[in-house]
Amino acid sequence: MLAGRENDSGGVQSGRSWPLLRCPDCDLLHAVPPLPRGGTARCRRCRALLLRRRGHGLENACLLTLAAAPLFVIANLFPFLVLDLPGGEQSSRLLSASWSLLAHDMPVVGLLVFFLVFLAPATVLLVDLLVLGPLSRGRRPPVAARLFRLVEHVRPWAMLDVYLLGIIVAYVKLRDIASIEFGPGFFAFLGTLLLLVAADAILEPGQVWERFGRQTRAALGALRTLGDLVSCHGCRQLLRLRTAADGRALLCPRCGGAVHRRAPASLSRSWAYLVAAVALYLPANILPVMTVTYLGKTRSDTILSGVHELALAGMWPLALLVFFASFVVPIVKMVGLAYLLLSIRFGWRTGPRARTRLHRLIAYLGRWSMIDVFVVGLLAALVTAGNLVLIVPELGAAAFALVVVLTMLASDSFDVRLIWDAARGTDERPAPA
Ligand SMILES: [Zn+2]
Ligand SMILES: [Zn+2]
């Protein structure tokens with residue numbers, strides 16, 4: 001169900017007060033009516049998700065996260081994949097991909113994989129427990145709101161789901177060379193992933209923030225008199241924007257984040273990340289991502305030759321998956337972002353809804369391009385010192401990993417609301433606060 005009203009539009013029943021929310025994508029002000037259990041409110045202009053109502057979502061998400069924590073520990077301690085090579089058995093752990101990249105003098109990618117597969121998921125898990133646990137018992141630890149705001153930025157970087165696809169691709173590639181088995185660590189990893197996905201599906205950040213402090217409400221007849229309310233980027237509380245006495249930006253009383261009308265320097269940051277990504281795109285595709293020595297023959301694979309090899313071996317679904325994630329998605333992201341940035345630069349007014357959808361697509365697809373980096377790390381970790389087979393990661397993998405990270409940062413920095421500002425013809429870009 002949806003109830004959206006611009007603050008200057010009429011027709012809203014007066015007498016009851018509903019929580020107010022600005023659409024995160026187009027900034028339209030909505031008064032959200034009481035939702036039925038399982039109900040969802042979407043923006044009436046751009047269809048962005050405003051709020052979901054999940055019965056006991058917070059408590060259940062806390063229990064699921066609590067169950068996932070010991071499984072994640074087991075996933076890190078026990079053998080993950082065991083490879084039976086003629087030279088002897090080789091087993092790897094969850095983080096072996098990261099260690100092998102570090103051992104092959106690729107510190108940036110090695111640390112990146114460590115962050116994406118261990119540090120980010122572990123942070124999300126720990127902070128969710130520290131925040132949701134006390135909240136579900138009616139307590140509000142002083143730093144909990146700040147922690148929850150910060151962890152919302154870390155969440156997209158926890159890439160256990162993308163890692164699983166990387167494991168599947170690595171498994172299929174190695175199946176022909178040696179027999180490969182999943183160890184207890186892998187099944188614990190799978191359990192962790194399923195529990196965290198379920199927790200994510202039922203946890204509604206809006207409901208969590210409501211426990212930290214009531215969302216701004218207004219009697220429905222009084223929407224017209226509210227004046228200019230700005231949405232906090234961290235917790236979406238609506239606040240009157242004013243500058244603190246020392247000239248610094250106002251801090252949100254609920255989440256502690258700095259409040260701006262629009263993300264500061266959004267366009268220049270987005271351009272900078274995009275230009276850096278484009279510059280690295282060519283080396284990422286020309287340089288080999290790994291070198292394979294098998295039965296005395298040595299061959300270097302680029303991203304596309306890796307896809308070609310999968311297709312030649314008849315593994316079409318995987319070849320298509322890797323081609324799409326590693327080749328099509330980065331191009332779509334870079335061209336799409338350049339198009340969005342140019343559309344703001346030249347103040348295009350047409351098609352704001354389609355451009356908003358394009359940004360949503362770019363933001364959603366971004367992380368899945370990391371599959372190939374994980375595959376290279378996993379292969380190098382599993383086949384380290386075999387007499388018959390040796391797989392070594394190469395510089396192309398590092399360039400490619402940076403392209404993925406930079407395009408993610410570019411789309412993250414881009415404030416979608418600028419599309420709608422340009423469409424309205426008003427300039428609501430951040431004034432120096
Ligand atoms: Zn909207
Ligand atoms: Zn806030």
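These figures come from a predicted structure and were not determined experimentally. Heavy-atom basis, side chains included; hydrogens, waters and symmetry copies ignored. Every number for a ligand or one of its atoms is a count from 1 in the order of the listing.
Ring planes of Phe72 and Phe118: parallel class, angle under 30° (limits at 30 and 60°). Classification of the Phe212-Trp209 ring pair by plane angle, with boundaries at 30° and 60°, yields tilted.
Remark: aromatic rings of Phe323 and Trp316 are distant, center separation not under 6.0 Å. Checked against the 6.0 Å centroid threshold, Tyr171 and Phe182 count as a close aromatic pair.
The SG atom of Cys46, the Zn ion (ligand 1) and the SG atom of Cys26 define an angle of 120° (nearest 10 degrees). The SG atom of Cys232, the Zn ion (ligand 2) and the SG atom of Cys235 define an angle of 120° (nearest 10 degrees).
In summary, no N, O or S atom of His233 is located under 2.8 Å from the Zn ion (ligand 2).
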